[in-house]
There are 2 protein chains.
Amino acid sequence: MIKCLKCNRVEAILKAGFLRGQQRYYCKDCSFHFTLGGTLKPSPTSRKSRPTTIKDIARALGVANSTVSRALHDHPDVNEDTKKAIIQMAQQMDYQPNQVAYDLVKSQSRIIGMLVPEFNHVFFPTVIIGAQEILTKAGYRMIIMQSNESYADEISNTATLLASRIDGLIVSMTKETNHYEHFKAFEKREIPMVFFNRYAEEIMAQRIVIDDYQGAVAAVEHLIGQGYRRIAHMAGPRNLTLSQERLRGYIDALSRNGLPVLNELILHTDLSDETAKIYAQHFLDMAEPPDAIFAINDPSAIQIILAARAKGIRVPAELGVVGYSNDPRSAYIEPGLTTVAQPTKEIGRLAAKKILALLANEASGPTDQFVKLDTELIVRASSLRAQAPR
Amino acid sequence: MIKCLKCNRVEAILKAGFLRGQQRYYCKDCSFHFTLGGTLKPSPTSRKSRPTTIKDIARALGVANSTVSRALHDHPDVNEDTKKAIIQMAQQMDYQPNQVAYDLVKSQSRIIGMLVPEFNHVFFPTVIIGAQEILTKAGYRMIIMQSNESYADEISNTATLLASRIDGLIVSMTKETNHYEHFKAFEKREIPMVFFNRYAEEIMAQRIVIDDYQGAVAAVEHLIGQGYRRIAHMAGPRNLTLSQERLRGYIDALSRNGLPVLNELILHTDLSDETAKIYAQHFLDMAEPPDAIFAINDPSAIQIILAARAKGIRVPAELGVVGYSNDPRSAYIEPGLTTVAQPTKEIGRLAAKKILALLANEASGPTDQFVKLDTELIVRASSLRAQAPR
DNA sequence: ACTCGTACCGCAAACGTTTGTGATAGAAAT
DNA sequence: ATTTCTATCACAAACGTTTGCGGTACGAGT
């Protein structure tokens, strides 16, 4: 509630820049400029110790800024003695280079943006670790943002990253994302992008994906090998490529082995635990229930196991369960969950390396390469009917 | 291997700045400046579309930079019509403000640094989520770095953050960290710091900690209430305050209930799974083994349960186990692990709020406040001897 | 006709770097 | 003695903003 000092109204008060650190206001009604707090600050006593700059060093030694800059970069055009003096003075004055100024003149940031849907599970943090491992070694910093699986958040985050003048972007899209204009802005600026796991066909960019098809085939064929015949699939959201690929692997594995593909045994979840639980119960309540379920991810698979346990259905004897993504919980639940492990950290490393490569030689052939990483089936008790007591 | 174009030697070649984008070299032997690649680049054809600036808009409309800047900030000193024209032109030219330039003139960054020991477990990512929730809402970005529990990495990371001119720092120290000079640099620059979980007494900063003492007391008294009498403690590294506090809680809970504190029942781990496993076996192999173990964290507690299972020792009938930190696995292991839950996300939120508060009013009393957050004991099967079959 | 207030806009400095080019001196070469 | 070279440094522009202040033009008041 700011009142105009002239007309005492509060309606039409606008901020109008700063005057010596004081917020300046402007009343639209009476057209009056003013600042709050009466007198201006008389240069505050708590003089925040300004970090020393190159100019300070130059002034202290009576040389030019350029000489200092060159000396600190070990440029040959400066005398060894003055170089020594400058470096010593820099240490003495506790000089820290201002990255912001450097970035401005270089019109770069040495920052790589990383945009992921969420932080809650293990997958994305692990990818981040892998990327950070490579990028920090190469002298890059990272700004990590999460879109909370929200399209709107993704838009605002990309805007922030664009304003931050990031040098590259590593991104996994929201499950809501259907339009890609916000990514085209990076394309236009020729900012290298690497998509992982979830990607847009429309965007020219590097793509790193897990071979979801192969992983799904391996999972389902494992179930078939264990003697399961009526295998259901708790699939993921339709718009995600990974869902489509895993579904395709499920279908192909079935038909390749002479088993029918039944629509009633395929349900698409939104990846939430609640829906997974409801769908699990639906499967188990069917007149002719499945004898195995291949789930889109481990959290869903865990919900299935819990639902089965609640109903007194024995896993794996009466119901085989296979998950996806090797959640750390999957090793500790009873029974241990068979799952498809993804080379998570490797994704991050690879994405970082690709970004660095793109940054190094800008004119490197087609920029929309496609890399598929193999998965590994980790077999635990939840799918081992062969050895389990009937 | 760069050869001097004059004397053909390779020994004394130094880099000497750039000439029109070409790396320029300098031979110390023959004192010769040269560039590689013969002719200079004739202004590359792949003209990278430079992002449009305020100047571009100004030139396009024949107004001054300042007018554009003011118009985009809705400053009252610019006519509504020109304001409209400028905003429209900005959209048309796809203008994105350059955050780097803004930061330079404001001598700020609107970046909060976050430095955590690791990313692997759930704790730190969850804290980050909480902090990000608050900070992004306030228009701040975050640079997140991990020190990998390495003191050397912590040093280099703080240097990077300092050069990045972060406005504030949220940090949890390495378990190796014993010297704090690298944090004093922030103190000197008056960059607000918030330590969480692990902190340094020597540094003037806000501190947010879990009330580890209270959590430990609750855990151990719960065990005593369940009839356990010979309660061991798998403690953490000695230099961490949280280890000391939990140990203190363990000791006080014992003596307050008239139970002896036995040194042989206290072992300090380094928080690794391997050590936890070894120590767990040591406890169980004792001539007079403990009937309960209070572990410094859930991963260690899980190792204890696994070791007991391997030895055929029944939990909780023969051995009670309580962990700390409510790892997601703890709910899924058999038996469910009793644990002390920490308000993880709340730590992040609180840290972010404190940073913002410090940023808002710089002269806010003592800057080394201390906040303790309460824990919550989550009781699961691993400690319920009362109801369990003997 | 004169002053005065004001709406509007431009000028220019500043933030802290980097870097091409110009300037100076002394030394070496002619 | 004159030229040429070169080691060493300073000058100044540039990166893209923000912002205090000076200026113009126009309307209102005297």
Side-chain angles (χ1 to χ4, degrees), chain A residues 6 15-24 26-28 30-33 35 40 50-59 61-73 75-83 86 95-109 163 165, chain B residues 6 15-24 26-28 30-33 35 40 50-59 61-73 75-83 86 95-109 163 165:
Chain A
K6 198 167 166 188
K15 293 192 178 183
F18 286 84
L19 181 61
R20 264 189 283 278
Q22 288 271 34
Q23 179 62 258
R24 213 169 128 216
Y26 172 75
C27 175
K28 266 215 158 180
C30 59
S31 298
F32 183 59
H33 284 260
T35 71
L40 296 177
R50 192 176 49 82
T52 66
T53 73
I54 279 194
K55 290 182 186 176
D56 297 328
I57 303 177
R59 207 174 313 121
L61 273 89
V63 295
N65 302 341
S66 47
T67 307
V68 177
S69 173
R70 280 190 253 258
L72 295 175
H73 285 67
H75 193 283
D77 269 9
V78 38
N79 189 297
E80 284 299 328
D81 292 335
T82 57
K83 199 179 284 184
I86 286 171
Y95 170 73
Q96 292 279 353
N98 187 329
Q99 186 74 27
V100 180
Y102 179 89
D103 291 346
L104 180 61
V105 39
K106 291 284 193 179
S107 70
Q108 60 159 26
S109 61
R165 291 294 189 271
Chain B
K6 197 170 169 189
K15 294 193 177 183
F18 286 84
L19 180 62
R20 264 188 284 277
Q22 289 271 35
Q23 179 63 256
R24 212 169 129 215
Y26 172 75
C27 175
K28 268 216 156 181
C30 59
S31 297
F32 182 59
H33 285 260
T35 70
L40 296 177
R50 191 175 49 82
T52 65
T53 72
I54 278 194
K55 291 184 187 176
D56 297 328
I57 303 177
R59 207 175 314 121
L61 281 131
V63 295
N65 302 341
S66 46
T67 307
V68 177
S69 172
R70 279 190 257 258
L72 294 175
H73 284 69
H75 192 283
D77 270 9
V78 37
N79 188 297
E80 283 300 328
D81 292 336
T82 57
K83 200 178 283 184
I86 287 172
Y95 169 74
Q96 292 280 351
N98 187 330
Q99 186 73 28
V100 180
Y102 179 87
D103 291 346
L104 180 61
V105 38
K106 291 284 192 179
S107 71
Q108 61 159 25
S109 60
R165 291 292 190 272

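In what follows, chains are A, B, ... by sequence order, proteins preceding strands, each numbered from 1. Only a predicted model underlies this, so the values are computations on that prediction, with no experimental measurement involved.
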Within this structure, what is the [atom1]-to-[atom2] distance between [X] and [N], rounded to whole angstrom?
{"X": "B/His73", "N": "D/dT19", "atom1": "NE2", "atom2": "C1'", "value": "11 Å"}
{"X": "A/Leu104", "N": "C/dT19", "atom1": "CG", "atom2": "C1'", "value": "14 Å"}
{"X": "A/Asp103", "N": "C/dT17", "atom1": "CG", "atom2": "C1'", "value": "10 Å"}
{"X": "A/Gln99", "N": "C/dT18", "atom1": "CD", "atom2": "P", "value": "10 Å"}
{"X": "A/Arg59", "N": "D/dC9", "atom1": "CZ", "atom2": "P", "value": "19 Å"}
{"X": "B/Lys106", "N": "D/dT17", "atom1": "NZ", "atom2": "P", "value": "14 Å"}
{"X": "A/Leu72", "N": "C/dT17", "atom1": "CG", "atom2": "P", "value": "9 Å"}
{"X": "A/Gln96", "N": "C/dC15", "atom1": "CD", "atom2": "P", "value": "19 Å"}

Do the side-chain N or O atoms of [X] get closer than 4.0 angstrom to the phosphate oxygens (OP1, OP2) of [N]?
{"X": "B/Thr82", "N": "C/dC9", "result": "yes"}
{"X": "B/Asn79", "N": "C/dC8", "result": "yes"}
{"X": "A/Ser66", "N": "D/dA10", "result": "no"}
{"X": "B/Lys83", "N": "C/dC8", "result": "no"}
{"X": "A/Ser69", "N": "C/dT18", "result": "yes"}
{"X": "A/Lys55", "N": "C/dC15", "result": "yes"}
{"X": "B/Tyr102", "N": "C/dA14", "result": "no"}
{"X": "B/Thr67", "N": "C/dG10", "result": "yes"}

Could you tell me whether a side-chain N or O of A/His75 sits under 3.5 Å from a main-chain N or O of A/Asp77, the two making a donor and an acceptor? yes
Backbone N or O of B/Arg70 within a donor-acceptor pair of the B/Lys83 side chain at under 3.5 Å? no
Spatial distance of atom [atom1] ([X]) from atom [atom2] ([Y]) [nearest 0.5 Å]:
{"X": "A/Ile57", "Y": "A/Leu72", "atom1": "CD1", "atom2": "CG", "result": "5.5 Å"}
{"X": "B/Tyr102", "Y": "B/Ser109", "atom1": "OH", "atom2": "OG", "result": "11.5 Å"}
{"X": "B/Leu61", "Y": "B/Thr67", "atom1": "CG", "atom2": "OG1", "result": "10.5 Å"}

Side chain of [X]: nearest nucleotide among [options]?
{"X": "B/Val78", "options": "D/dT17, C/dG16, C/dC9", "value": "C/dC9"}
{"X": "B/Asp77", "options": "C/dC15, C/dC8, C/dT18", "value": "C/dC8"}
{"X": "B/Ile54", "options": "C/dT17, D/dA10, D/dT18", "value": "D/dT18"}
{"X": "A/Asn98", "options": "C/dT18, D/dG16, C/dT17", "value": "C/dT17"}

Evaluate side chain to side chain contact (heavy atoms under 4.5 Å, CB included) for B/Thr53 paired with B/Asn98, printing each intermediate quantity in order. CA-CA 8 Å; B/Thr53 72; B/Asn98 187 330; over 6 Å; no
Has the side chain of B/Arg70 got a donor or acceptor atom sitting under 3.5 Å from an opposite partner on the base of C/dG10? yes
B/Val100 near the nucleic acid: base, sugar-phosphate alone, or nothing, with a heavy-atom cut-off under 4.0 Å? nothing
